[in-house]
Number of protein chains: 2
Amino acid sequence: MSAPPSTNATSETRAAAKKAAKKPATIHDVAALSGVAASTVSRALSTPGRVNFRTRARIEAAVTELKYVPNAQAKALSSGQTKSVAVLVADITNPFYFDIIRGTQLQLKAAGYTQLLVDTEESEEVEVNTIEQMLQTADGVILTAPRLSDEALLLAATKMPLVTINREVPGIPSVLLDTPTATNQALDHLISLGHSHIAYLGGPGSSSSNIRRWEALSTAAQERGVQVDRLGPFAPRTYSGAAAADALVYSGATAGIAFNDLMAIGMLQRLATRGVRVPEDISIVGCDDIFGADFCSPPLTTVTAPVDQAGRVAVTMLLSRINPGIGTLPRSQSVLPTHLTIRGSTGPAPLRP
Amino acid sequence: MSAPPSTNATSETRAAAKKAAKKPATIHDVAALSGVAASTVSRALSTPGRVNFRTRARIEAAVTELKYVPNAQAKALSSGQTKSVAVLVADITNPFYFDIIRGTQLQLKAAGYTQLLVDTEESEEVEVNTIEQMLQTADGVILTAPRLSDEALLLAATKMPLVTINREVPGIPSVLLDTPTATNQALDHLISLGHSHIAYLGGPGSSSSNIRRWEALSTAAQERGVQVDRLGPFAPRTYSGAAAADALVYSGATAGIAFNDLMAIGMLQRLATRGVRVPEDISIVGCDDIFGADFCSPPLTTVTAPVDQAGRVAVTMLLSRINPGIGTLPRSQSVLPTHLTIRGSTGPAPLRP
DNA sequence: CCAAGAATGGCAATCGGTTGTCATTAAGTT
DNA sequence: AACTTAATGACAACCGATTGCCATTCTTGG
C-alpha cells in the first residue's frame, strides 16, 4: 500500500491523513468522535434501547458528521448475514425473465436486500456451481425453472434457504405459474374454433413446466377426444421457431401450441416466410405473454401469467424463511393463476377437402 | 443461537459437531488437516510459488477433502476487494438493457467477478444512493445512461472506479454507442425517399444521448436544408408512443425519428389504431434495434448498435482500472460504431397535393 | 443508610481470511 | 568447514463489524 510514512503522528494528523485518503469512516472513528467504545456505537445503531438516549444522540451526531456507513462485508462476516439474495435465471435475454427480475429486485430492495443476478446459460453445471458458490455469498437463492434433479435441489435446500419458480419439488417452497390450466383453456379455445388436430411444440426435455404442460394437455385432449401430437423438443428461442414451424406444417395439424412465446414468434416469422397464413391456414398459441407478443404479426394468442408477481411472491417466501418468525407464517407453495389472452394468431380451422 | 451445550468436548467431538452442523470448512480446518498454519494455506492458494510444492500438495489434498471454499466476505474484509461490480440500469424491463446486462454478466463472470444488478427506476435519487452504497460493496460501478450531473459523476469517480455507457464526461472512462452518426444516416435515408419535413420525437430531457442525438440531427438537417422539428419530450416507453404518434401526425411531418424503439413501437401501434398507414402515410425510424424491432408490424427501420459489446467493453475498461498494470493499457473511451437497419417502417414520402 | 437490582458502557473474543515480519532450515559459495 | 543467502513456514496484527460477559453507576426498596 502507499501508506504515508507513519512517524510519531498524533491522532489528529492521522485522522487528517485518513481524510485525505478518502477512506470511509469506520465504527471506531464514530466511537472516537463521540467518546464511547465501538461496541456502544454498534449497539446504539442496532439495539437502540440498549443505550442511553443522550449517548445515542451523540453517536448519531457523529454518524452524520462522519457520514458513517457500516461496512457490509464486516457486518456479513460477524453476523453471518450477507443481506443479499441470488436470483438464477436460465437466460437473461429471454424477455420472460424481465418481469421476474424486476419483481424480485423491487421486493428485495424494499427489504434492504441486494440482488445478485446470475445467468446460468441454460446449463445445469453452471447452475450447480453457482448454488455452491452462493452458499457462502448469499442468504438465500431463488431458482427460476431450475434444470437440476429433485435430489440435487433437495440437497441444496438443506444447505440454504431456497425458493423455486416454476418447479415443484416436495419439501421445497415454490411459486408456480399455473400455465397447464390456461393451456387447457387454449385447447378449448382451439376446439371451439373447429380444430381437431393440434400439435404441442415442446420445450427442453429437462424443463419441468414443459412436462407439466404436456401432461395436462394430453390428458385434456383424451377427455375431449381430439388429437394432440407432441413435437420437439425445441430450444425455447426465437431461432428454433423455424424448425418448429416446419415440423408443425409437416405434421398436418391445423393449430400449434408452442412451449413459449419466443418459439411462437419465431414460428410466426417462419410461417410468413413460407407463405403459410396465420390464422387462416394455421393457428398458433404461445405461452408467457412476453414483451412483443402483443405487437408481433399477427398479435399472438397466448397464456398470460402474473410474472412480476411471481418474483415478488418468491422473495416474500424466501425472506420469511431467512428471517423466521417475522411477519406472516411462511407459505410453502403458491400457485398463481393464469389466463388465455386471445389475439389474432388463432382463428377458425381451415376447411379440409 | 442453538449451539449444543459445549461441555468439556474434545476437539474431535467438536469437529464432529461442526460436521453435523454442515458448517463449511474454514482455512483453519484445512490448516489443521494438513498440519500447517493458516497463513501457509492462504499463501499456498494465492501465491503458489511461496510454498514448497510438497506442502502445497498436502494442502490441496486437504482442500479437496474438506471441499474448502474461501469465504468471500472474509476475503473481502481483509483484502479490501469484493470481487463484485455493480451495474446500474435505469429500467430493467427495457429490452435495450438486456444485451448490456448479458454482456457485462458474461465478461464479469469470466473474470471471476459477481454482478450486482440494480434498477434505478429512472430516478436520480436512487442512482446516487446506490452509488453511495456500492462504494463499500463493490469494487467498481458501471453506469448505463446515468442521469446524474457531470459534477456528481466526477465526484463519484474520485471515490471508486467507474465507467459510463452512453454518457460522456471528461475524465470519466466511457463507452459510447455512436447513434448520432447512424441517426444522420437515417436522415439521409429519409431525404432520399423524398421526405423534407421530418420530426424528432425526443426522449427525457436529462438523457445525454437524447441531447447528442438532437444536436447531430439539427446540424445535419441545416446542412441538408430540410426541416426537422423537435417534439416531446416523451417517456422512453411503449405507452408514450401514443402521444408521440399523435404529436407527429399533428406536426404535419411525413417521417418521425423516435428516441428509441420502445417509443417507435408504441407509435406504430397508435398509428395503426388511428388508421394511419406506415410507411405509406408516415415513415418511422427507431433506435436501438431491440428485441421485437424485427417482428413488429411493420418491421422497424432502426439504428442498430452492438449493445452486448458495449457491456463487455465497459467491463474490460472497468477491470483494467480496478487491477491496473494487468493486461493492456486502459483506454479511457471507446466509441462503438452503429448502423441503420432498414426494414419496413420507412418508405417514399407521400405525394402532397 | 445500605444492599439489591437495573441500566449502561467497555473489554475482548470472534467471524475467516491476508500479509508483514521473523525464525528456522537448507542450499550454495569460497 | 565456516559463512552467506535463499527458501520456507509460523506468529501475530489487522480488516470492521458483532456480541457475551463483566464492571461501574444510578435507582430504588427495605
Side-chain angles (χ1 to χ4, degrees), chain A residues 1-3 5-6 14 18 21 23-59 62-63 66-83 133 135-137 139, chain B residues 1-3 5-6 14 18 21 23-60 62-63 66-83 135-137 139:
Chain A
M1 303 298 151
S2 64
S6 88
R14 253 188 284 120
K18 182 168 284 185
K23 264 187 97 176
T26 74
I27 200 171
H28 294 100
D29 299 331
V30 176
L33 184 59
S34 45
V36 297
S39 53
T40 305
V41 177
S42 174
R43 288 200 178 89
L45 266 36
S46 58
T47 326
R50 183 71 175 67
V51 170
N52 185 293
F53 82 102
R54 293 196 57 76
T55 316
R56 176 149 44 97
R58 283 214 319 281
I59 291 174
V63 164
L66 295 174
K67 295 181 185 170
Y68 166 68
V69 181
N71 179 304
Q73 267 67 39
K75 216 163 179 164
L77 185 56
S78 53
S79 71
Q81 295 243 327
T82 61
K83 288 287 179 182
Q133 189 191 334
L135 224 66
Q136 315 249 354
T137 309
D139 292 345
Chain B
M1 304 301 149
S2 63
S6 87
R14 251 188 285 119
K18 181 169 283 185
K23 265 186 96 176
T26 74
I27 200 171
H28 294 98
D29 300 330
V30 176
L33 184 59
S34 46
V36 297
S39 55
T40 305
V41 176
S42 174
R43 289 203 175 88
L45 266 37
S46 59
T47 327
R50 184 69 174 69
V51 171
N52 184 292
F53 82 102
R54 293 197 56 78
T55 315
R56 175 149 45 97
R58 284 214 316 283
I59 292 174
E60 278 165 359
V63 164
L66 296 174
K67 295 182 185 169
Y68 166 68
V69 181
N71 179 302
Q73 269 66 42
K75 217 163 177 164
L77 184 55
S78 54
S79 71
Q81 297 243 325
T82 61
K83 288 283 178 184
L135 224 65
Q136 315 249 354
T137 308
D139 291 345

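Throughout, a chain's letter reflects where its sequence line sits, starting with A, and its residues are numbered from 1.
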Query raised in the report: Where do A:Thr82 and A:Thr137 land on the side chain to side chain contact (heavy atoms under 4.5 Å, CB included) test, with the steps shown first?
Result: CA-CA 7 Å; A:Thr82 61; A:Thr137 309; 5.8 Å; no
**Report entry** Touch class at under 4.0 angstrom, heavy-atom based, for B:Val30 against every strand present
**Finding:**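 No contact.
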Query raised in the report: How would you label the contact of A:Tyr68 with the nucleic acid (heavy atoms, under 4.0 Å): base, sugar-phosphate, or nothing?
Result: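 Here A:Tyr68 touches the backbone only, sparing every base.
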Selected nucleotide, minimal atom distance to [X] side chain, candidates [options]:
| X | options | value |
| --- | --- | --- |
| B:Ser79 | C:dT18, C:dG16, C:dC22 | C:dT18 |
| A:Thr55 | C:dT8, C:dG17, D:dA17 | C:dT8 |
| A:Val51 | D:dA17, C:dG9, C:dG16 | C:dG9 |
| B:Ile27 | D:dT8, C:dT18, C:dT19 | C:dT18 |
| B:Arg50 | C:dC11, C:dG16, C:dT21 | C:dT21 |

Query raised in the report: Does the side chain to side chain contact (heavy atoms under 4.5 Å, CB included) test come out yes or no for B:Val69 and A:Gln133, once each step is laid out?
Result: CA-CA 8 Å; B:Val69 181; A:Gln133 189 191 334; over 6 Å; no
Check the distance between [N]'s [atom2] and [X]'s [atom1] and give it to me in whole angstrom.
| X | N | atom1 | atom2 | value |
| --- | --- | --- | --- | --- |
| A:Leu45 | D:dA17 | CG | P | 10 Å |
| A:Lys75 | D:dT19 | NZ | C1' | 14 Å |
| B:Leu77 | C:dG17 | CG | C1' | 8 Å |
| B:Gln136 | D:dA17 | CD | C1' | 12 Å |
| B:Leu66 | C:dG17 | CG | P | 12 Å |
| B:Gln81 | D:dC14 | CD | P | 21 Å |
| B:Asp29 | C:dC15 | CG | P | 11 Å |
| A:Asp139 | C:dC15 | CG | C1' | 15 Å |

Query - Test item: B:Asn71 and B:Thr26 side chains (from C-beta on) under 4.5 Å apart, heavy atoms - result: no
Query raised in the report: Can you tell if the side chain of B:Ser42 reaches within under 4.5 Å of the side chain of B:Ile27, non-hydrogen atoms only?
Result: yes
Requested in this report: Show your reasoning for whether side chain to side chain contact (heavy atoms under 4.5 Å, CB included) applies to B:Leu45 and B:Tyr68.
Outcome: CA-CA 11 Å; B:Leu45 266 37; B:Tyr68 166 68; 3.6 Å; yes
**Report entry** Side-chain-base donor-acceptor pair under 3.5 Å for B:Thr26 and C:dC15
**Finding:**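 Check fails, no donor-acceptor contact within cut-off.
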Query raised in the report: Do A:Arg43 and D:dG20 have a side chain to base donor-acceptor pair shorter than 3.5 Å?
Result: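 Answer yes: a donor N or O sits under 3.5 Å from an acceptor.
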Requested in this report: Identify, between B:Val36 and A:His28, the residue whose nearest nucleotide on DNA chain D lies closer to the 5' end.
Outcome: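 Nearest-nucleotide comparison on DNA chain D picks B:Val36.
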Report task. Select from B:Ala74 and B:Arg54 the residue whose nearest nucleotide in DNA chain D is closer to the 5' end of that strand. Result ->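 Upstream on the strand: B:Arg54.
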Are OP1 or OP2 of [N] and a side-chain N or O of [X] less than 4.0 angstrom apart?
| X | N | answer |
| --- | --- | --- |
| B:Thr40 | D:dA10 | yes |
| A:Ser42 | D:dT18 | yes |
| A:Asn52 | C:dT8 | yes |

Query - Given B:Val30, B:Leu33, B:Asp29, the one that forms side-chain contact (heavy atoms from CB on, under 4.5 Å) with B:Val63 - result: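 One option only clears the test, and that one is B:Val30.
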Query raised in the report: DNA chain C: A:Ala37 or B:Val41, which has the more 5' nearest nucleotide?
Result: A:Ala37
